[in-house]
K.L.:
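Before anything else, here's the structure in question.
As the structure is a prediction and not an experimental result, all values here were calculated from the model.
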Amino acid sequence: MSPTPAKTATLLLSLVVSAFLGVARAAEDEAPLKVVVHMNFAEVGAQAAGLRSVRRMLKDEPGTHIEVVCHAAGIQVVEKARTEHPDAVASLIKQGVRFVACENTMKMNSIKKEDLIPGVDTVPSGALEVVRKQFREGYAYFKP
């Protein structure tokens with residue numbers, strides 16, 4: 001018995017949808033990863049480990065979009081006068097990693113934009129930036 005035109009149309013539609021979903025999944029797999037790194041701690045060793053992790057992410061997955069959000073005690077990693085990691089931060093900035101400092105933390109600690117390592121941007125709220133990156137922009141969360 002031959003399939004009816006309705007069954008043939010349904011089968012064709014199913015094949016087209018399956019093919020489309022397969023292409024969409026493949027495109028997702030090829031899209032660059034997006035990662036927000038949450039730096040809100042002053043411990044120098046933990047900061048170094050976090051920066052190493054960022055370097056490895058870039059090495060293992062070239063093209064990854066990474067934003068390091070520095071607020072609370074973690075702001076010192078991007079302060080020229082207080083950071084123990086100026087070369088690592090500058091090198092990552094040159095590789096396309098975006099570092100941002102929390103303006104709320106800056107105000108509370110009398111830190112000016114010129115006190116930051118060149119290339120560091122600012123955002124009004126570091127905590128909100130972490131949340132925004134995850135829920136509005138689809139970034140994965142990483143806390144060293």
Side-chain angles (χ1 to χ4, degrees), residues 3 6-144:
K7 285 184 181 179
T8 302
T10 301
L11 178 61
L12 284 173
L13 181 60
S14 294
L15 290 172
V16 168
V17 168
S18 293
F20 174 76
L21 291 175
V23 169
R25 270 191 229 110
E28 262 181 31
D29 291 342
E30 294 175 13
L33 295 176
K34 300 186 299 185
V35 182
V36 61
V37 179
H38 191 185
M39 270 274 191
N40 65 343
F41 46 87
E43 207 283 310
V44 174
Q47 289 175 349
L51 295 171
R52 274 194 308 275
S53 292
V54 170
R55 257 193 321 278
R56 285 189 197 119
M57 284 181 210
L58 291 174
K59 180 181 177 228
D60 294 343
E61 189 74 32
T64 299
H65 297 274
I66 301 174
E67 181 172 311
V68 180
V69 178
C70 305
H71 70 105
I75 199 159
Q76 80 178 40
V77 80
V78 294
E79 283 183 86
K80 285 189 274 191
R82 294 180 37 186
T83 187
E84 297 288 328
H85 314 287
D87 295 336
V89 171
S91 173
L92 289 169
I93 289 171
K94 286 180 186 168
Q95 293 176 65
V97 175
R98 183 173 188 235
F99 281 79
V100 298
C102 172
E103 292 170 7
N104 289 331
T105 300
M106 292 171 67
K107 286 176 195 163
M108 287 176 24
N109 294 286
S110 301
I111 300 167
K112 298 178 182 135
K113 174 78 172 152
E114 56 268 16
D115 296 332
L116 303 176
I117 293 172
V120 173
D121 295 319
T122 64
V123 292
S125 167
L128 186 59
E129 180 72 1
V130 170
V131 172
R132 183 179 289 120
K133 286 291 177 190
Q134 290 177 83
F135 291 99
R136 288 197 181 149
E137 299 180 35
Y139 276 60
Y141 177 83
F142 178 73
K143 173 90 176 224

K.L.:
To the nearest 0.5 Å, tell me how far N104 CG sits from L128 CG.
P.N.:
9.5 Å
K.L.:
Report yes if the side chains of I117 and F99 come closer than 4.5 Å at any heavy-atom pair, otherwise no.
P.N.:
no
K.L.:
Can you find a heavy atom in the side chain of L58 that is under 4.5 Å from one in the side chain of R55?
P.N.:
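Side chain of L58 against side chain of R55, heavy atoms only: no contact under 4.5 Å found.
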K.L.:
Indicate the atoms forming the closest heavy-atom contact of D115 with S110, along with that distance.
P.N.:
OD2-O, 4.1 Å
K.L.:
How close do T122 and E103 get, heavy atom to heavy atom, and via which atoms?
P.N.:
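Here T122 and E103 meet closest at OG1-OE2, 2.7 Å.
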K.L.:
Examine distances only and state if a side-chain atom of Q47 and a backbone atom of F41 form a donor-acceptor pair shorter than 3.5 Å.
P.N.:
yes
K.L.:
With a 3.5 Å cut-off and sequence neighbours excluded, list the donor-acceptor pairs that the side chains of residues 31-40 form with protein atoms.
P.N.:
unit_1: K34; atom_1: NZ; unit_2: E137; atom_2: O; d: 2.4
unit_1: H38; atom_1: ND1; unit_2: Y141; atom_2: OH; d: 2.6
unit_1: H38; atom_1: NE2; unit_2: H71; atom_2: NE2; d: 2.8
unit_1: N40; atom_1: OD1; unit_2: K143; atom_2: NZ; d: 2.5

K.L.:
Working to the nearest 0.5 angstrom, can you tell me the gap between K59 NZ and Q95 CD?
P.N.:
12.0 Å
K.L.:
For a 4.5 angstrom cut-off between non-hydrogen side-chain atoms, does I66 reach L92?
P.N.:
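SC-SC contact between I66 and L92 ruled out.
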K.L.:
Residues in salt bridge (charged side-chain N to carboxylate O under 4.0 Å, His left out) with E67, at least two apart?
P.N.:
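For E67 the salt bridge (charged side-chain N to carboxylate O under 4.0 Å, His left out) partners, ignoring immediate neighbours, are R98, K133.
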K.L.:
So, K112 side chain and M106 main chain: donor-acceptor pair closer than 3.5 Å or not?
P.N.:
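Side chain of K112 to backbone of M106, a donor-acceptor pair under 3.5 Å: no, none is there.
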K.L.:
Side-chain atoms of residues 72-81: list all donor-acceptor pairs with protein atoms under 3.5 Å, sequence neighbours left out, distances to 0.1 Å.
P.N.:
unit_1: Q76; atom_1: OE1; unit_2: R82; atom_2: NH2; d: 3.0
unit_1: Q76; atom_1: NE2; unit_2: A42; atom_2: O; d: 3.2
unit_1: E79; atom_1: OE2; unit_2: R82; atom_2: NH1; d: 3.4
unit_1: K80; atom_1: NZ; unit_2: E114; atom_2: O; d: 2.8

K.L.:
Could you pull out the closest heavy-atom pair between K113 and D121, with the gap in Å?
P.N.:
NZ-CA, 3.6 Å
K.L.:
Between C102 and G126, what is the shortest heavy-atom contact and its length?
P.N.:
SG-N, 3.2 Å
K.L.:
Look only at the side chain of E43 and the backbone of A46, and say whether a donor-acceptor pair between them is shorter than 3.5 Å.
P.N.:
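Confirmed, E43 side chain pairs with A46 backbone.
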